[in-house]
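A quick write-up on the structure given underneath.
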Amino acid sequence: MFCKNCGKEIDDRAVICPHCGVAVTNDALTPSSGKMNALAIVGFVLSFFVSIAGLICSIIGRKQCNKRGEGGSGLALAGIVISAVGMAIRVIYLFIVIVGVLAAL
Ligand SMILES: [Zn+2]
């Protein structure tokens, strides 16, 4: 890998750069190094309110997480599940309402 401070090639296991002495944090080996995927967060939040928008954002967010090595993949997955459950509940609720209306006729 390369030192982020001086740009020189250093050992992958190096903790401190031998060229400039700056502490090295190996982002390449630890993908979830704090940077969260914004779309995964948006998707997760939306999944509680607007299921379909939450589902779309979460799916795209999860793909971006895996591609860019960003954090939030688990959050995106949670968003997908919550969106799916939310939509299922609405469909069941709608079904119950329709059955109820038909039964009342
Ligand atoms: Zn360096």
Side-chain angles (χ1 to χ4, degrees):
M1 64 174 174
F2 295 92
C3 173
K4 270 195 281 188
N5 186 54
C6 65
K8 283 180 181 147
E9 191 167 8
I10 50 172
D11 193 282
D12 285 346
R13 292 157 295 173
V15 181
I16 294 167
C17 175
H19 304 286
C20 65
V22 165
V24 177
T25 49
N26 198 341
D27 287 338
L29 290 179
T30 51
S32 53
S33 56
K35 192 174 184 292
M36 291 285 284
N37 183 278
L39 212 54
I41 300 166
V42 171
F44 180 75
V45 173
L46 274 177
S47 68
F48 289 99
F49 308 102
V50 194
S51 292
I52 188 71
L55 185 69
I56 292 165
C57 286
S58 294
I59 289 170
I60 298 168
R62 192 166 154 78
K63 277 183 181 172
Q64 286 184 349
C65 285
N66 294 335
K67 204 195 272 181
R68 301 178 191 172
E70 289 175 330
S73 182
L75 198 67
L77 186 64
I80 293 168
V81 172
I82 293 163
S83 303
V85 169
M87 282 196 283
I89 288 170
R90 284 189 184 91
V91 168
I92 292 165
Y93 180 76
L94 195 70
F95 181 75
I96 290 168
V97 168
I98 291 167
V99 170
V101 168
L102 288 176
L105 290 174

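Quick caveat, the model's predicted, so the values are computed rather than measured. Indexing begins at 1, ligand by ligand and atom by atom, following the structure's order.
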The SG(C17)-the Zn ion (ligand 1)-SG(C3) angle, to 10°, is 110°
Hey, what's the angle at the Zn ion (ligand 1) spanning SG (C6) and SG (C20), nearest 10 degrees? 120°
Nearest heavy-atom contact between A40 and A76 is CB-CB, 3.9 Å
Side-chain heavy atoms of V24 within contact of K4, under 4.5 Å: no
Which of these, V91, I98, I92, sits in a side chain to side chain contact (heavy atoms under 4.5 Å, CB included) with L94? I98
Considering only heavy atoms from C-beta outward, does the side chain of C3 approach that of H19 to under 4.5 Å? no
N/O/S atom of H19 under 2.8 Å from the Zn ion (ligand 1), yes or no? no
